[in-house]
Amino acid sequence: MTSKEKIPRQPMPEQAPEDRAKNFNEVPYGYDDKTAVLEASRCINCKKPRCIDGCPVGIDIPGFIVLIQEGKFIEAAMKIKQRNALPAVCGRVCPQEEQCEKLCVLGIKDKPVAIGRLERFAADYERKHGSISLPQLPPGTGRKVACVGAGPAGLTVAGDLILLGHEVTVFEALQEFGGVLTYGIPEFRLPKAIVRAEVDYLARLGVKFVADFVVGYNSTVRELMEKHGYDAVFIGTGAGLPSFMNVPGENLIGVYSANEYLTRSNLMKAYLFPEYDTPPVKCRKVIVVGGGNVAMDAARIALRLGSDVTVVYRRAREQMPARAEEVHHAEEEGIKFKLLNNPVRIIGDERHRVTAVECIRMELGEPDESGRRRPVPVKGSEFTMEVDAVIVAIGNDPNPLVPRTMPELKMTKWGTIVADEGTMATSVPGVYAGGDIVSGAATVILAMGQARIAAGAIHERLSGKVGGG
Amino acid sequence: MSSVNQAKVNPEHKHKTPTVKLTIDGRVVAAKKGQTVLDCAGENGILIPHLCSHPVLPPFGACRLCLVEIEGMRGYPTSCSTPAEEGMVVRTGTEALKNLQRNILSLIILEHPGACLLCEKRQICDEFRPDAEKAGSATGCHSCGSRDSCEVRRLAENLGIKELPVAPVYLNRPIEKTHPFIDHDPNLCILCGRCVRICKHQHKTSVIDFTDRSSRTRIGRAFDCSLIEAGCTFCGSCVDVCPTGALAERYAKWQPAPDKSVKSTCTFCDWACELEFGIKQDKLICTKSANENIPVCALGKFALAEFLNGSGRLHSCYVRTDGILRETDWQEALAAVKDRLWNYRGDKFAFICDSTGTLEDRFIFRKFTRDVMQSPNYIELEGADQAFKRAAVPAGVKAAFISGGCIEADSLSKLEVLIIQDCYPSEASGRADVVLPVRVLAETEGTIKDRFGRHRPLLKACEPPKAAGSEWMIICRLAKTFGAEGFNYEFVADITKQLNPPPAPPEIQTGQTPGPAQDLKQMRTHFRGHRIDGHVGGLRELNAGPEPAPVSMPAQTKGTFEILDNRRLVPNTHEIVIRAPQVASKAQPGQFVIVMVDEKSERVPYTLCDWNIQTGTITIVVQEKGLSSRKLILCKPGSKLAHVIGPLGVPLEIKKYGTVALAAGCYGIAAIIPVARALKNAGNTVLAVTEARTGYLLYYGDRLRELSDEHVQAAIDGSLSPRGHAVDVIAGRLKSGEKIDCVIAIGCPFMMMLTARETKPYGVKTLAALNPIMLDGTGMCGACRLTVDGKMKFACVDGPFFDAHLIDWDELKDRRRAYSAEEIHSLAATAPAERSHTCARPINR
């Protein structure tokens, strides 16, 4: 074979663990120009690039990698942006090892091309060099679309439809845009300046952003369409209702949903208290319950705030849904893992403050409906851990605010919105939905994939109207 | 903590002064010549009520409470200003005197917000609220940071004040929160003059004095300048002698009251002042000079507790493994220290410390360096002058053990091994191989040497952060890890015995030489290499000088939600009108909004009290509690709020219930306005009962009379009739057989809990509008969860209204206080001083 395969996969330089455990700066520094070209040159430009199949938004991966090889970094970024409105975000938070990189042909014998790192490089290069050029917009269609929620799904729909000439307004309940990218994913994993830059880019394209607006309260979806003249509405309100374990003691002070813990830190900047007014959760010994990315994020924040952190997860490492890189980073930084354990009771003092948590050991039994082996408690294996905080990161239920004011909207028994897979259309004509409000708690890129489908369907619907009136 | 009713002994006169004999309450007692009747009685265990008198201050006779009857004297002389004389026959505490004293105290309480003293539900309230609740201005004992040390309160209890002759008044004087360390609320002041007199007594000057006259008399500074400008050294003695909450320590006042006091020595500097520490559950709450004649400096008075309780304290051992400092236990940490240092015994090792540690600590440091590390390099930085020094390591030294953070940055890079033991992280500890947490200041015991060469005892007053150890003990254990002999000290006293006693120093009156208590410039800026003001908010304000940069006032120009009106309704309560059309157009009774004053603010929920769709405005009523509400009420009309989100929450179900009784207190009085209006429109008979501690705290009477079928205003202190809580009125009606179909309570948790408790026996449906801590207010975070009927509920999406009989009130009350420690900290560290003071001096500056 060619010499290309001999170049090893380029590592991304990152902050030393001892430094980063003390700050909220981003952990990896990203590729420099030279490393990026080197890594890009590993791509053998195969005839049937399977990587594209692995991308939920169908980015022309070999296309942008070739451009990086040629040193055309800005052009590479533009190429990605044809399919993905948020490349700097996706380059950081997508589980590439499960998607594009998993299918990379190099991965059979060697390590796959670092597609995610290259995507991130191209997007960062474009942003840093201040040359984010605006594409030529088609003439306006005069059609209005409302996106409910400024998370990854809402931003994707907005980005796609504005490029097609529609008028788009994004409504956000919080004071900042970005949804989970802003309140959920910590600064050290996804700097907020990047999210802001992506939102700014959309705003420059003409997307209108309205903050502090809670659809369901400030206006119903129906009112948006009937009173405010929106021709279509996309609901991307996410999974915004934290689940708890349903064990005794969960209302004690010191028990937090991961959402609360993350929101305090990421959105309200509690780690900068008292410069910012929201107090942080101060704890010395904390357990984080769960094995997903959110659990890793919460654990790593707690560590940075000076806590001794243990992740308690009821299954084994192989079943942890978190990205391998996040688990690795967490471990490197000094977070302990207590796998195959599950809390059964939280114990507090007379002032309703957490003092300890009682756990039980688990073992893996028969596979359950998810295909993973079901964890079963080991009788009599209960033990107590002294802690002063418990962060519950076991997932979220869909937010009920919009469905509550739309009785005609068809819902599943889990509270998610029923949407057609091919179009993301809901049971209400003109209303589409995507992201966690449809699929339950999932990933950023899956939400964006559904959003892309919805955007296509909305465009089709609106275009039909353009002609037919 | 108070000096009232404590016998005083004046040592100077103990033996020399001739005595006289007199009779007090039938007992023949001896008094020193010149001693007052009050002091003589106190010494003999006979307690005469008094307020203005203070053991170290000359008689003043302002409060007139210490009246006695003396045979042969006309009327009722004040015992604080009457010298005891031979053969005097004195009677205290007769019924006539008690009546007089009650009347005098009642008159004082008329101008001192003391309605809580007259409340019949005091006991339940004390149980429900073990600590006073934060408030911008105290309107009663339960919103007063000095509740547990207040002498007016104690006297009222002792004398059994049950009612006031006329309705009390609020003086409405501006509250000063612009000074470092000290909050001054003239509305609580009883003009006893103790503060003015102690300042004169201790400093021979009048930084503060009585200003203006007659009914306008108050305590102030010349030309109304600030305390800093007036030359205050912040010794805090005025705060210590204040019998009320008029002068209070910003950091300590909202902490739980101390239940123990310990005397020991301050080790911030070598003046080594004797301090009295106020302790609550082994935590240091406050300090003051142990000698009421001698002031201490601002560090001893105000900085010590905040420094020790700082959130950044080192509380565990850390050992660097794979490049990261990882938390570990003592055994592992000490083994790691031995492991790292073993090959550096001899000249390559240096031990560095400063002279703030105890003699015992330094004795052990020296011994360890010499005997265990076999090194001549024991470096002790002299701390005699207050200039900040850092040590450099001698040439050839490759390993260092440092007690503190006082090492030059250049030296750090030359070291191959660095062991740090300290109280706070520093630049050095960030690069150390092992970091050990230590006890400092009031957490330590031993002996220290003051600037006059005297040995002074140091007693442990409070508990350190969990794992922190005494420095001598750490090094002894370490020496044993090395296998060294001669470190078998069990108690610090075993080391003290080995110290050389100092040569007898000359007798020194510490109060005579001007020290940092008299001269701010002499005050230490560093401790163990740490800037003290890095951990103490008030010191930063003090160091900023008399014209500090305007403190964190919100950037109000960027927001979109304009404040159209902001007026004070009653003390501590503001009505704020905001332009927020998207809220106004959708608002329904019972809903709330979340407000962020600026981009750095908290998200705080406020109940919607009114709105106008035409003008696009909303009205909220805000009580000043902590930092966030304070920022909001300081916003002037025309300024803009960063974010207003709402309406949120499930509106109250408006239907025909029949007769609805609304019980409302504090902000709830405003919050029932839309509820009353909607219920009335739906055909209900509405009884609106509002309550307040006292009449002057009630508002919106006319509006509620208009909106309800019957409006009753109850005052807890009896200044209005009926006397009592709102629910007392409602329960009275229920008891008399009146039909009430639904009760809705809006107010503080105590008031709503009380309502639930009292209506329960009648089985009447009772709803309460809950207001726990929230973050997003849309169901996303779950911070506002509570237990209703044994089930977890979110107040933001399931509430705010819940069946009051099914709420776990105890849990709710505690959850609302989840961040009280941080809230108190932020008030002390970043209080947005309104800098309202405008200098009225007729001098151009």
Side-chain angles (χ1 to χ4, degrees), chain A residues 16-19 21-22 173-176 183 210-214 216-219 238 240-242 244 246 250-257 259-264 267-269 272-282 284 306 308 332-334 350-353 392 396 399-401 404, chain B residues 311-312 315-316 320 322-327 430 466 537 552 560-561 582-583 585-586 591 594 596-597 599-603 627-628 631 642-648 775-783 785-787 792 794 797 808 810-811 814-815 817-819 821-823 825-826 829-830:
Chain A
E18 68 265 30
D19 292 333
K22 280 176 284 180
L174 293 172
Q175 75 268 25
E176 286 209 41
Y183 76 77
V210 180
D212 307 329
F213 195 98
V214 191
Y217 282 127
N218 293 111
S219 174
L241 205 66
F244 285 85
N246 204 13
E250 278 190 304
N251 277 7
L252 290 168
I253 301 168
V255 182
Y256 306 93
S257 73
N259 277 3
E260 177 183 356
Y261 195 80
L262 293 170
T263 304
R264 271 183 188 278
L267 179 71
M268 308 308 292
K269 303 266 183 283
L272 296 174
F273 178 85
E275 185 200 338
Y276 281 72
D277 298 344
T278 304
V281 171
K282 281 272 173 193
R284 295 247 292 273
D308 176 58
E332 245 184 6
E333 288 163 11
E350 72 291 345
R351 293 162 57 224
H352 290 102
R353 287 185 186 256
V392 184
N396 290 293
N399 194 298
L401 288 185
R404 209 188 248 178
Chain B
S311 55
H315 54 69
S316 307
R320 192 174 297 278
D322 304 330
I324 315 175
L325 282 175
R326 290 178 203 269
E327 196 173 323
K466 209 170 175 187
S552 70
T560 40
F561 301 91
Q582 69 191 47
V583 181
S585 65
K586 286 288 183 167
Q591 286 188 301
I594 281 189
M596 284 179 78
V597 175
E599 297 297 342
K600 292 181 177 181
S601 296
E602 279 183 278
R603 293 171 65 101
L627 183 74
S628 296
K631 272 168 115 170
H643 302 281
V644 176
I645 302 114
L648 300 170
L775 212 53
D776 65 295
T778 61
M780 193 190 75
C781 80
R785 63 195 191 279
L786 65 146
T787 306
M792 183 191 287
F794 288 7
V797 290
D808 184 339
D810 207 35
E811 177 190 274
D814 282 342
R815 283 192 69 87
R817 294 166 47 83
Y819 294 95
E822 287 81 3
E823 287 160 15
H825 177 82
S826 74
T830 62

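Each chain gets a letter, A, B and so on, in the order its sequence line appears, and its residues count up from 1.
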Quiz item: Which of the residues A:G334, A:S257, A:P242 is involved in the greatest number of heavy-atom pairs with chain B at under 4.5 angstrom?
Solution: A:P242
Exercise. Select one option (side chain, backbone, both, neither) describing which atoms of A:L262 are under 4.5 Å from chain B's heavy atoms.
Key: neither
Quiz item: Under 4.5 Å between any side-chain heavy atoms of A:D212 and A:Q175, yes or no?
Solution: yes
Quiz item: Taking A:V255, A:N218, A:T278 one by one, which has the highest count of heavy-atom pairs under 4.5 Å against chain B?
Solution: A:N218
Practice problem: Under the salt bridge (charged side-chain N to carboxylate O under 4.0 Å, His left out) rule, collect the residues that match up with B:R785, sequence neighbours excluded. | Solution: none
Exercise. Could you look at B:R603 and say if it's the side chain, the backbone, both or neither that has a heavy atom under 4.5 Å from chain A?
Key: both
Quiz item: Quick check: does any side chain N or O of B:D776 sit under 3.5 Å from a backbone N or O of B:G779, one acting as donor and the other as acceptor?
Solution: yes
Exercise. Check each atom of A:N399 against the heavy atoms of chain B and say whether the ones under 4.5 Å are side chain, backbone, both or neither.
Key: side chain
Quiz prompt | Segment of A:R264 engaging chain B (4.5 angstrom heavy-atom cut-off) | solution = both
Quiz item: Any idea which of A:R351, A:R284, A:K269, A:E332 has the most non-hydrogen atom pairs under 4.5 angstrom with chain B?
Solution: A:R284
Quiz item: Can you find a heavy atom in the side chain of B:L786 that is under 4.5 Å from one in the side chain of B:R815?
Solution: no
Exercise. Quick one: list whatever passes ring pair (Phe, Tyr, Trp, His ring centres under 6.0 Å) with A:Y276, sequence neighbours left out.
Key: none
Quiz prompt | Interface residue of largest heavy-atom contact number with chain B, from A:E333, A:R353, A:H352, under 4.5 Å | solution = A:H352
Exercise. May I ask you to test the B:K631-B:E602 pair for a side-chain heavy-atom distance under 4.5 Å?
Key: no
Practice problem: Check each atom of A:E250 against the heavy atoms of chain B and say whether the ones under 4.5 Å are side chain, backbone, both or neither. | Solution: both
Self-check item: A:R404 side chain near A:Y217 side chain, heavy-atom distance below 4.5 Å
Solution: yes
Exercise. Check whether A:L401 gets within reach of chain B through its side chain, its backbone, both or neither, counting any heavy atom under 4.5 Å.
Key: side chain
Exercise. Measure the spacing between CE of B:M780 and CG of A:N259 and express it to the nearest 0.5 Å.
Key: 5.5 Å
Exercise. Select one option (side chain, backbone, both, neither) describing which atoms of B:L648 are under 4.5 Å from chain A's heavy atoms.
Key: both
Practice problem: Could you tell me which of B:I594, B:T787, B:L775 has the largest number of non-hydrogen atom pairs under 4.5 Å with chain A? | Solution: B:L775
Quiz item: According to the interplanar angle, ranging from 0 to 90°, do the rings of A:Y256 and A:Y261 count as parallel (below 30°), tilted (30 to 60°) or perpendicular (above 60°)?
Solution: tilted
Self-check item: Among the listed options B:V644, B:D810, B:V583, the residue most often paired with chain A at heavy-atom distances under 4.5 Å
Solution: B:D810
